[in-house]
Participant: 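Pasting a structure below so you can have a look.
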Amino acid sequence: MSYEEKLSLEKSKQSIYSPSIVLDDEIIARVLFSPKHYLDGEVLPVAFEQIFSAGGMSVLRLNYSFQESLSKTIEQLEKDGATYIGYVCAKVQDIRAIKIKGYRVFYILDTATKDKLGHADVFAIRLSINECGLPKKAFKNYIRQEISQVFNKLVEKEEA
Amino acid sequence: MDFSTAVVTTFLISMGDSGISYDSIINDTQSKYCTDCNFNSQLDKEYSNLYTELFSYKELQNNWDGYEGIRPSDEIISTTKKFIDILKDNKVLKPKIMVSGSGEIGLFWKNQNRYIEVDFDEADCLSFFYKMDGVVYGEDDVTINHIPKKLHNAFNSLTSHSSTKSKNNSIISDVDSTNSTIFLT
């Protein structure tokens, strides 16, 4: 899929359960299950490793039954032995504004499920060294660090 | 300048097999040896915590991050340790350490709008990138037997941004709130 095709996916609903495409003025949350993903209250770049997976990085949209979706996510993942820590939030427009040499490096799709209407995924767009000036691994780690910068401090378990 | 009381100490830091040497000049009018002892003691203490965290990664279980995370391989932990040894031997500011769900280990330094990250995802190699005042640079799969020259320069740039003179007039940079230091070389 080309760069343009990936970005064009944001303009149409991607799930029959989706309440809407993901808008710039929305806020999304990434749920964390390890204390090794944050330090001194700040989320670390490694917490966003999933942006490189084929299925994207799961996030929850605060506008759409967030608490219910959060509870279901916690329940599902704790069943597999994980321990919920908290979540971090970011504005969609801040993620979409991350660019290298004019190229966007993330796109966000509304991947709602039947029991999580506010589910979405963040995907990384891989750029070649000619496009971004960085070799593959440096690029990957650089954009991972960039996205970590737009997420706010951890909302800990007790506050959630 | 009163040269009779000033002692100029030059640190020649050999960089492993690379054969590259770097000079660091410290003007010490008080007690060089005492300063060195205190500095090394502080450095040992700080790095000790880093090693402890690194070795704790051996205990990670499958799915440790809730997203099917795996633990780093022994080779990656060993490679990271070798590079931390090099950093410590060269009296480089202690980095912070992190581990990803893909089993990769990262070291990073952050100072205002300057950031350096070194990552380990295979044996005896590192990849790094830095962002300095809007300039981004990176390299992949560099052997770990020395500090790559560009990375070395980035360490200097990071510290020169906030360098201060210590009480004994040594050129030492306070980089973060933990009072970690790095010699300018």
Side-chain angles (χ1 to χ4, degrees), chain A residues 30-40 42-59 73-87 98-101 105 121 127 129 132-146 148-149 157, chain B residues 49 53-54 56-57 59-72 95-110 112-122 125-132 134-142 148 150-151 154 176-178:
Chain A
R30 171 66 172 170
V31 187
L32 301 183
F33 289 89
S34 173
K36 293 201 181 294
H37 279 168
Y38 71 98
L39 188 65
D40 303 329
E42 287 191 18
V43 67
L44 294 172
V46 284
F48 303 95
E49 186 74 9
Q50 273 208 326
I51 52 175
F52 306 109
S53 70
M57 178 180 78
S58 290
V59 292
T73 299
I74 295 167
E75 183 185 341
Q76 287 166 355
L77 297 190
E78 287 197 333
K79 198 181 292 178
D80 296 328
T83 304
Y84 172 61
I85 299 297
Y87 62 87
I98 299 171
K99 293 180 181 176
I100 302 180
K101 295 189 175 181
V105 288
D121 280 296
L127 301 178
I129 191 167
C132 70
L134 289 171
K136 188 177 174 184
K137 292 179 184 177
F139 168 75
K140 171 177 123 12
N141 295 328
Y142 171 62
I143 67 169
R144 189 179 66 177
Q145 197 270 336
E146 286 289 291
S148 73
Q149 294 301 292
K157 187 177 181 178
Chain B
N49 296 336
E53 178 66 12
L54 172 66
S56 78
Y57 298 160
E59 309 304 320
L60 291 172
Q61 305 293 315
N62 284 339
N63 194 38
W64 61 270
D65 64 349
Y67 296 102
E68 301 176 352
I70 58 171
R71 83 168 184 87
K96 291 178 178 172
I97 190 167
M98 58 186 177
V99 58
S100 79
S102 64
E104 177 185 312
I105 297 173
L107 304 173
F108 67 98
W109 297 256
K110 191 176 179 182
Q112 297 175 9
N113 59 342
R114 298 177 176 205
Y115 182 88
I116 303 171
E117 186 176 311
V118 180
D119 296 281
F120 306 89
D121 68 349
E122 59 182 274
C125 284
L126 63 82
S127 298
F128 73 91
F129 77 89
Y130 58 73
K131 186 176 181 183
M132 299 277 174
V135 175
V136 182
Y137 178 83
E139 292 181 22
D140 282 3
D141 301 326
V142 183
K150 283 275 194 179
L151 185 58
D176 66 12
S177 59
T178 61

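Letters go in sequence order (proteins before strands), and every chain restarts at 1. Side-chain atoms are counted along with the backbone in the values below, which use heavy atoms only and exclude waters and symmetry mates.
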Participant: Counting heavy-atom pairs under 4.5 Å to chain B, which of A/T83, A/L44, A/I100, A/V46 comes out on top?
Facilitator: A/V46

Participant: Which answer fits B/S102, side chain, backbone, both or neither, if we ask what part of it has an atom under 4.5 Å from a heavy atom of chain A?
Facilitator: both

Participant: Counting distance only, does the side-chain N/O of A/N141 pair as donor-acceptor with the main-chain N or O of B/F129 below 3.5 Å?
Facilitator: no

Participant: Can you tell me which of A/E78, A/Q76, A/K36 forms the most heavy-atom pairs within a distance under 4.5 Å of chain B?
Facilitator: A/K36

Participant: Taking atom CD1 of B/I105 and atom CG of B/D119, what is their separation to the nearest 0.5 Å?
Facilitator: 10.0 Å

Participant: Write down the atom of B/S127, the atom of A/K137, and the distance for their closest heavy-atom approach.
Facilitator: OG-CD, 3.5 Å

Participant: Test your reading of the model: is there a side-chain donor-acceptor pair from B/W64 to the backbone of B/I70, 3.5 Å cut-off?
Facilitator: yes

Participant: If you round to the nearest 0.5 Å, how far is CD1 of B/I116 from OH of B/Y137?
Facilitator: 13.5 Å

Participant: Between A/K79 and chain B, which part of the residue has a heavy atom less than 4.5 Å away: side chain, backbone, both or neither?
Facilitator: neither

Participant: Quick check on B/Y67 against chain A: is it the side chain, the backbone, both or neither that has a heavy atom closer than 4.5 Å?
Facilitator: both

Participant: With A/R144 as the cation and B/F108 as the aromatic partner, state whether NZ or CZ is under 6.0 Å from the six-membered ring centre and within 45° of the axis.
Facilitator: no

Participant: Which bit of B/E139 comes within less than 4.5 Å of chain A, counting heavy atoms only: side chain, backbone, both or neither?
Facilitator: backbone

Participant: Side chain, backbone, both or neither: which part of B/D141 has a non-hydrogen atom closer than 4.5 Å to chain A?
Facilitator: side chain

Participant: I need the residue from A/P45, A/P35, A/S58 with the largest number of non-hydrogen atom pairs under 4.5 Å to chain B.
Facilitator: A/P45

Participant: Using a cut-off of under 4.5 Å on heavy-atom pairs, state which of B/M98, B/E53, B/Q61 scores highest against chain A.
Facilitator: B/M98

Participant: Between atom CZ of B/R71 and atom CD of B/E59, what is the distance when rounded to the nearest 0.5 Å?
Facilitator: 8.0 Å

